[in-house]
A.B. asks: 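Right, I'll just put the structure down here and ask away after.
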Amino acid sequence: MARHLITSAIPYINGIKHLGNLVGSQLPADLYARYLRARGHEVLFLCATDEHGTPAELAAAKAGKPVDEYCAEMHAVQAGIARGFRLSFDHFGRSSSPQNHRLTQHFAARLDEAGLIREVSETQMYSPQDGRFLPDRYIEGTCPNCGFESARGDQCDNCTKQLDPVDLIDPRSTISGATDLEMRETKHLFLRQSAMKERLADWIDGKTDWPVLTTSIAKKWLNDGDGLQDRGITRDLDWGVPVQKGDAPWPGMEGKVFYVWFDAPIEYIACAQEWVDAGKGTDWERWWRTDKGADDVRYTQFMGKDNVPFHTLSFPATILGSGEPWKLVDYIKSFNYLNYEGGQFSTSRGRGVFMDQALEVLPADYWRWWLLSHAPENADAEFTWENFQASVNKDLADVLGNFASRVTKFCRSKFGEVVPEGGAWGEREQALVRDLTDGLAAYTRQMEAIEVRKAAASLRGLWVLGNEYLQEAAPWSTFKTDPETAAMQVRLGLNLIRFYAAISGPFIPDACAELLAALKAEDADWPDDIETALSTLAPGHAFKVPDVTFRKITDAEREDWQTRFAGAR
RNA sequence: GGGCCUGUAGCUCAAUUGGUUAGAGCAGAGCGCUCAUAACGCUUUGGUUGCGGGUUCAAGUCCUGCCGGGCCUACCA
């Protein structure tokens with residue numbers, strides 16, 4: 001038994017996430033957490049909402065609400081949807097929590113004491129009408145290179161040239177349209193990542209078992225151009241963690257807050273504190289402080305590829321730079337993007353399926369299965385309704401659901417809703433045990449390695465073995481001449497359902513719980529030995545024929561959804 | 001522009017890191033079964049591995065040049 005700390009990239013607060021966001025971090029993290037718990041390990045699985053930054057302020061303004069109120073509401077919404085998808089967080093925190101405020105300010109003070117913070121004076125675009133400094137991409141104007149009239153301050157979407165907002169002709173605020181923009185001087189704190197480049201590079205070089213996607217992005221940032229650049233960690237905003245040195249004020253930084261990407265990863269730690277303060281745990285330090293028991297913790301992070309630089313460089317720089325014994329990540333699992341029907345998911349255009357809509361259409365397990373079995377591990381993947389319908393109908397309804405149905409219904413009609421007695425295993429049953437043993441070993445290996453798609457394929461392969469056995473054994477035939485043998489075959493079939501429910505939980509938790517409830521075998525845990533596992537439900541054990549575990553998606557439904565989610569939410 | 005990833009059967013993906021005849025699932029075809037959600041099982045059609053060179057006893061895998069797709073490029077998060 002080991003101890004595993006698992007975090008999912010924390011979703012941004014401004015709105016409901018789409019399926020691509022879900023499959024890129026929260027869902028695979030949940031799969032891994034559920035698997036490790038099922039194997040008897042001690043797991044702390046944390047996630048939170050990322051609440052600071054300009055977009056949160058703007059979204060709140062658009063909703064006509066104070067930003068703190070808006071965030072509190074959206075946090076509740078996201079938490080509810082997470083429960084709907086059965087994401088088994090031990091705690092779903094908030095980056096705006098007092099715990100994170102304190103800890104972020106603490107880290108900043110430690111980094112300053114270590115000489116890793118420098119002050120930089122710079123000029124930035126300020127919009128008097130908006131009352132705020134504008135991040136580059138909130139400024140639009142005419143591209144000096146190609147004349148495109150809606151070029152953004154960071155890059156022209158037309159000619160792809162990288163721009164500086166001061167280069168734009170006739171710049172205007174995308175928030176208000178204001179054109180009276182001016183350059184104002186402002187002072188910010190920078191984290192001297194460049195000073196830690198060698199340390200970070202050595203650390204990354206040691207991670208030879210990480211996904212290529214993870215290490216290649218990290219190395220690019222380490223070695224690109226002049227190497228790892230210092231990063232501004234403060235912003236001129238109202239909503240965020242006030243810039244302080246621990247409890248003390250930071251002269252010259254009054255009215256400023258830390259940059260979201262500085263405080264967001266620190267929330268991983270603060271979230272553990274929130275977990276304790278919420279009465280769900282008693283000791284967060286044994287998960288996070290290597291001097292207080294976290295030495296034997298294995299820490300795994302899940303995220304989309306866009307998050308990789310912050311998790312491989314910025315956050316480790318914060319932790320290492322503090323000089324304190326915080327736990328560093330051991331393994332970073334990163335994902336590519338999920339596309340939707342030949343294009344990208346688009347939050348602004350309402351294109352694709354969002355988490356709340358998905359649950360309105362079908363239960364969580366259908367989505368969990370498809371998303372995980374098609375997780376964008378090696379390359380971007382694509383969601384299509386046709387593929388979704390085909391996969392769900394075949395894998396879940398036909399292969400697994402129908403197996404449970406045919407076994408239990410046959411048993412009920414010939415022996416009643418009780419595990420039948422009599423008969424003994426023969427060579428066919430022993431061969432099945434061997435096949436299941438091999439298949440389970442492969443499935444286990446892939447789950448340990450977080451090879452999500454392969455694990456799903458292996459699991460499906462195990463389900464298929466049940467149908468193959470049933471077809472060969474044909475209890476409906478043997479029953480006519482040899483009821484005792486038929487009883488044995490059916491008994492084995494019932495135990496197979498229990499076995500499947502015990503090992504499939506990480507993918508489809510609700511269906512597994514329903515099957516186990518029907519079998520009155522809620523205590524089923526992970527099987528150590530197949531032969532034992534398939535003999536657990538003993539003759540005389542009562543059960544109920546389960547309801548349809550997975551229904552099929554009809555062509556009419558599929559066509560309806562295709563239209564409904566094509567755009568304009 | 002630069003960097004990284006990617007291109008394998010109609011579709012979605014594998015291929016133990018250079019090693020026999022490139023494999024699965026779905027879709028298609030045929031047969032079987034009749035317990036079951038018109039479900040299940042067996043058999044089977046289908047590939048010049050994007051294209052052209054090169055290295056090697058041996059290339060889907062390594063090198064190189066094209067062509068296509070995607071991502072990142074540090075003030076969105």
Side-chain angles (χ1 to χ4, degrees), chain A residues 9-14 21 50-56 58 122 124-125 133-139 152-155 160-162 164-165 188 193 211-213 215-217 219-221 223-225 228-232 235-236 259-261 264 304-310 313-314 336-337 339 344 373-374 376-382 384 386-387 389-391 393-414 453-454 456-457 460-461 464 466-477 479 486 489-490 493 545 547-552:
Chain A
I10 63 178
Y12 199 65
I13 193 70
N14 71 340
N21 299 126
D50 178 13
E51 304 193 359
H52 298 137
T54 308
L58 297 179
E122 52 190 15
Q124 287 183 4
M125 281 283 190
F133 282 92
L134 297 177
D136 291 353
R137 64 167 49 198
Y138 286 98
I139 302 165
R152 283 194 326 217
D154 54 344
Q155 186 177 39
T160 72
K161 186 181 171 62
Q162 284 178 56
D164 195 288
H188 282 298
Q193 298 186 142
V212 179
L213 185 64
T215 50
S216 67
I217 292 173
K219 287 177 179 172
K220 171 71 159 93
W221 280 57
N223 302 316
D224 193 34
L228 187 61
Q229 300 297 298
D230 295 342
R231 179 177 276 277
R235 290 292 182 274
D236 288 293
Y259 175 42
V260 277
W261 264 117
K305 56 186 167 185
D306 52 331
N307 276 315
V308 167
F310 303 98
L313 303 169
S314 306
N336 286 285
Y337 292 144
N339 291 318
Q344 296 188 333
S373 62
H374 294 80
E377 288 177 299
N378 296 324
D380 290 354
E382 177 167 317
T384 64
E386 282 196 31
N387 189 303
Q389 179 193 24
S391 296
N393 286 357
K394 196 70 193 174
D395 300 347
L396 297 181
D398 294 346
V399 177
L400 178 63
N402 182 54
F403 177 79
S405 180
R406 64 195 296 207
V407 170
T408 52
K409 286 182 179 169
F410 180 75
C411 183
R412 180 175 62 186
S413 77
K414 302 300 182 199
R453 297 176 85 124
K454 288 182 182 173
R460 184 192 192 280
V464 167
N467 284 310
E468 289 176 355
Y469 169 78
L470 220 54
Q471 188 64 32
E472 266 192 55
W476 49 89
S477 291
F479 182 79
Q489 292 164 338
V490 167
V545 170
D547 295 332
V548 168
T549 312
F550 293 102
R551 71 175 186 83
K552 295 221 199 192

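Within every chain, numbering begins at 1; the chains are lettered A, B, ... in the order of the sequence lines, protein sequences first and strands thereafter.
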A.B. asks: Any side-chain N or O of A:Tyr469 below 4.0 angstrom from OP1/OP2 of B:G41?
C.D. replies: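 Checking A:Tyr469 against B:G41: no side-chain N or O falls below 4.0 Å of OP1 or OP2.
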
A.B. asks: OP1 or OP2 of B:C35 versus the side-chain N and O atoms of A:Arg406: is any pair under 4.0 Å?
C.D. replies: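 No, outside the criterion.
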
A.B. asks: Classify A:Phe310 by what it touches in the nucleic acid, base, sugar-phosphate, or nothing, heavy-atom distance under 4.0 Å.
C.D. replies: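 It contacts base atoms.
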
A.B. asks: Could you please name the partner base of B:U37, counting Watson-Crick and G-U wobble pairs only when both distances are under 3.5 Å?
C.D. replies: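 Answer to the pairing question: none, since B:U37 forms no Watson-Crick or G-U pair.
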
A.B. asks: What does A:Asn378 touch in the nucleic acid at a heavy-atom separation under 4.0 angstrom: a base, only the sugar-phosphate, or nothing?
C.D. replies: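 Sugar-phosphate only.
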
A.B. asks: When you compare B:A39 with B:G50, how far apart are their P atoms, in angstrom units rounded to a whole number?
C.D. replies: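 That atom pair is separated by 35 Å.
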
A.B. asks: Go ahead and name the base partner of B:U21; Watson-Crick or wobble counts if both distances stay under 3.5 Å, otherwise write none.
C.D. replies: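 Pairing partner, where one exists within any strand: none, as none qualifies.
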
A.B. asks: If the C1' atom of B:G47 is compared with that of B:U21, how far apart are they to the nearest Å?
C.D. replies: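 Per the computed distance, 13 Å lies between those C1' atoms.
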
A.B. asks: Mind checking if A:Thr549 touches a base, just sugar-phosphate, or nothing, with heavy atoms under 4.0 Å?
C.D. replies: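 Base contact.
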
A.B. asks: Could you check whether A:Val548 gets within reach of a base, just the sugar-phosphate, or nothing at all, counting any heavy atom under 4.0 Å?
C.D. replies: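 Counting heavy atoms under 4.0 Å across all strands, the contact made by A:Val548 includes a base.
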
A.B. asks: Between B:A39, B:A36, B:A77, which nucleotide gets closest to the side-chain atoms of A:Thr54?
C.D. replies: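 For A:Thr54, the side-chain atoms sit closest to B:A77.
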
A.B. asks: Return whichever of A:Pro11 or A:Asn387 has its heavy-atom-nearest nucleotide of RNA chain B closer to the 5' end.
C.D. replies: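 The residue whose closest nucleotide sits nearer the 5' end is A:Asn387.
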
A.B. asks: Return yes if the base of B:C75 and the side-chain atoms of A:Glu122 contain a donor-acceptor N/O pair under 3.5 Å, otherwise no.
C.D. replies: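 For A:Glu122, whose side chain was compared with the base of B:C75, there is a donor-acceptor pair (under 3.5 Å).
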
A.B. asks: Looking at the base of B:A36, is there any donor atom on it, or on the side chain of A:Asn402, that sits under 3.5 Å from an acceptor on the other one?
C.D. replies: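 Check passes, donor-acceptor contact within cut-off.
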
A.B. asks: Of the options B:A77, B:A27, B:C76, whose atoms approach the side-chain atoms of A:Asp306 most closely?
C.D. replies: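 Among B:A77, B:A27, B:C76, the one nearest the side chain of A:Asp306 is B:A77.
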
A.B. asks: With both distances under 3.5 angstrom, what nucleotide forms a Watson-Crick or G-U wobble pair with B:A14?
C.D. replies: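 None - no nucleotide pairs with B:A14, as no candidate has both distances under 3.5 Å.
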
A.B. asks: If pairing requires Watson-Crick or G-U wobble contacts with both distances under 3.5 Å, which nucleotide is the partner of B:A77?
C.D. replies: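 The answer is none; no pair meets the criterion.
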
A.B. asks: I'd like to check A:Arg231 versus A:Tyr259 (side-chain heavy atoms, cut-off strictly below 4.5 Å). Are they in contact?
C.D. replies: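 SC-SC contact between A:Arg231 and A:Tyr259 confirmed.
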
A.B. asks: Could you give the distance separating B:U45 and B:U6 at their P atoms, to the nearest angstrom?
C.D. replies: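 Taking atom P in both B:U6 and B:U45, they lie 31 Å apart.
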
A.B. asks: Parallel, tilted or perpendicular for A:Trp261 and A:Phe310, by the 30°/60° rule?
C.D. replies: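 The rings of A:Trp261 and A:Phe310 lie parallel, inter-plane angle below 30°.
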
A.B. asks: Under 4.0 Å, counting only non-hydrogen atoms across every strand here, what does A:Pro55 touch: a base, just sugar-phosphate, or nothing?
C.D. replies: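 Counting heavy atoms under 4.0 Å across all strands, the contact made by A:Pro55 is with sugar-phosphate only.
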
A.B. asks: Hey, which sits more toward the 5' end of RNA chain B by its nearest nucleotide, A:Ala379 or A:Ala474?
C.D. replies: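 Nearest-nucleotide comparison on RNA chain B picks A:Ala379.
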
A.B. asks: OP1 or OP2 of B:G25 sitting under 4.0 Å from any side-chain N/O of A:Arg453?
C.D. replies: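 So the side-chain polar atoms of A:Arg453 never come under 4.0 Å of the phosphate oxygens OP1 or OP2 of B:G25.
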
A.B. asks: So, A:Phe410 and B:C35: ring centres less than 5.5 Å apart, planes less than 30° off, yes or no?
C.D. replies: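 Answer is no, no stack.
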
A.B. asks: For B:C71 versus B:C62, give the span between their P atoms, rounded off to a whole number of Å.
C.D. replies: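 It comes out at 24 Å once rounded to the nearest Å.
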
A.B. asks: Using a 4.0 Å heavy-atom cut-off across all strands, classify A:Gln229 as base, sugar-phosphate, or nothing.
C.D. replies: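 A:Gln229: base contact, heavy atoms under 4.0 Å.
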
A.B. asks: Is A:Trp261 side chain donor-acceptor paired with the B:A77 base, going by distance under 3.5 Å alone?
C.D. replies: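 Donor-acceptor pair under 3.5 Å: yes.
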
A.B. asks: Quick one: the side chain of A:Gln124 and the base of B:C75, do they pair up donor-acceptor inside 3.5 Å?
C.D. replies: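 Side chain to base: pair present.
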
A.B. asks: Can you tell me the Watson-Crick or wobble partner of B:U8, both distances under 3.5 angstrom?
C.D. replies: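 The base-pairing partner of B:U8, which may sit in any strand shown, does not exist here.
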
A.B. asks: Phosphate oxygens OP1/OP2 of B:C40: is one of them under 4.0 Å from a side-chain N or O of A:Lys394?
C.D. replies: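 Yes, such a contact exists.
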
A.B. asks: Pick base, sugar-phosphate or nothing for A:Lys414, based on heavy-atom distances below 4.0 Å to the nucleic acid.
C.D. replies: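 Since no nucleic acid heavy atom lies under 4.0 Å of A:Lys414, the category is nothing.
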
A.B. asks: Using only side-chain N and O atoms of A:Arg460, determine if any of them is under 4.0 Å from OP1 or OP2 of B:C26.
C.D. replies: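 Result: yes.
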
A.B. asks: Taking syn as a glycosidic torsion within 90° of 0 and anything else as anti, which one is B:U17?
C.D. replies: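 Chi for B:U17 falls in the syn range.
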
A.B. asks: Of the candidate nucleotides B:U73, B:G70, B:G41, which contains the atom at the shortest distance from the side chain of A:Asp380?
C.D. replies: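 From the listed options, B:G70 comes nearest.
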
A.B. asks: Would you say a side-chain N or O of A:Tyr259 is under 4.0 Å from OP1 or OP2 of B:C76?
C.D. replies: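 Looking at the OP1 and OP2 atoms of B:C76, neither is under 4.0 Å from any side-chain N or O of A:Tyr259.
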
A.B. asks: Is there side-chain contact between A:Leu470 and A:Trp476, with heavy atoms separated by less than 4.5 Å?
C.D. replies: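 With C-beta onward as the side chain, the pair touches.
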
A.B. asks: Would you say B:A39 has OP1 or OP2 under 4.0 Å from some side-chain N or O of A:Lys552?
C.D. replies: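 Yes.
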
A.B. asks: Taking a pair as Watson-Crick or G-U wobble with both distances under 3.5 Å, which nucleotide is matched to B:C71?
C.D. replies: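 Its partner is B:G3.
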
A.B. asks: When you measure from the side chain of A:Lys409, which nucleotide among B:C76, B:G41, B:U37 comes out closest?
C.D. replies: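 Nearest to the side-chain atoms of A:Lys409, counting from C-beta on, is B:U37.
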
A.B. asks: Would you mind pulling out the nucleotide paired to B:G28, Watson-Crick or G-U wobble, both distances under 3.5 Å?
C.D. replies: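 B:U44 - that is the nucleotide pairing with B:G28, both distances being under 3.5 Å.
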
A.B. asks: Quantified in whole Å, what is the P atom distance between nucleotide B:G52 and nucleotide B:A59?
C.D. replies: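 Taking atom P in both B:G52 and B:A59, they lie 15 Å apart.
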
A.B. asks: Check every atom of B:C76, B:C26, B:C35 against the side chain of A:Gln471 and return the nucleotide holding the closest atom.
C.D. replies: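 Selected nucleotide (nearest to the side chain): B:C35.
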
A.B. asks: Taking atom P in both B:G60 and B:U49, compute the distance separating them and give it to the nearest angstrom.
C.D. replies: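 Roughly 7 Å separates the two P atoms.
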
A.B. asks: For a quick test of reading the model: is some side-chain N or O of A:Lys305 closer than 4.0 Å to OP1 or OP2 of B:U6?
C.D. replies: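 Negative; the distance criterion is not met.
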
A.B. asks: In whole Å, what separates the P atom of B:C42 from that of B:A27?
C.D. replies: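 Pairwise P distance, B:C42 against B:A27, rounds to 14 Å.
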
A.B. asks: So, taking the atom named NZ in A:Lys409 and the one named NZ in A:Lys414, what distance separates them when rounded to the nearest 0.5 Å?
C.D. replies: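 Nearest 0.5 Å value for the NZ-NZ distance: 14.5 Å.
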
A.B. asks: For a side-chain contact (heavy atoms from CB on, under 4.5 Å) check, start with the C-alpha distance between A:His188 and A:Gln124, then their side-chain angles and the critical distance, and finish with the verdict.
C.D. replies: CA-CA 11 Å; A:His188 282 298; A:Gln124 287 183 4; 3.9 Å; yes

A.B. asks: How far, in whole Å, is B:C63 from B:U48 if one measures between their P atoms?
C.D. replies: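 Their P atoms lie roughly 25 Å apart.
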
A.B. asks: Under 4.0 Å between any heavy atoms, over every strand shown, what does A:Val464 touch: base, sugar-phosphate, or nothing? Just pick one.
C.D. replies: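 Since only primed, P, OP1 and OP2 atoms lie under 4.0 Å of A:Val464, the category is sugar-phosphate.
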
A.B. asks: To the nearest angstrom, how far is A:Glu472 atom CD from B:C35 atom C1'?
C.D. replies: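 Result: 16 Å.
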
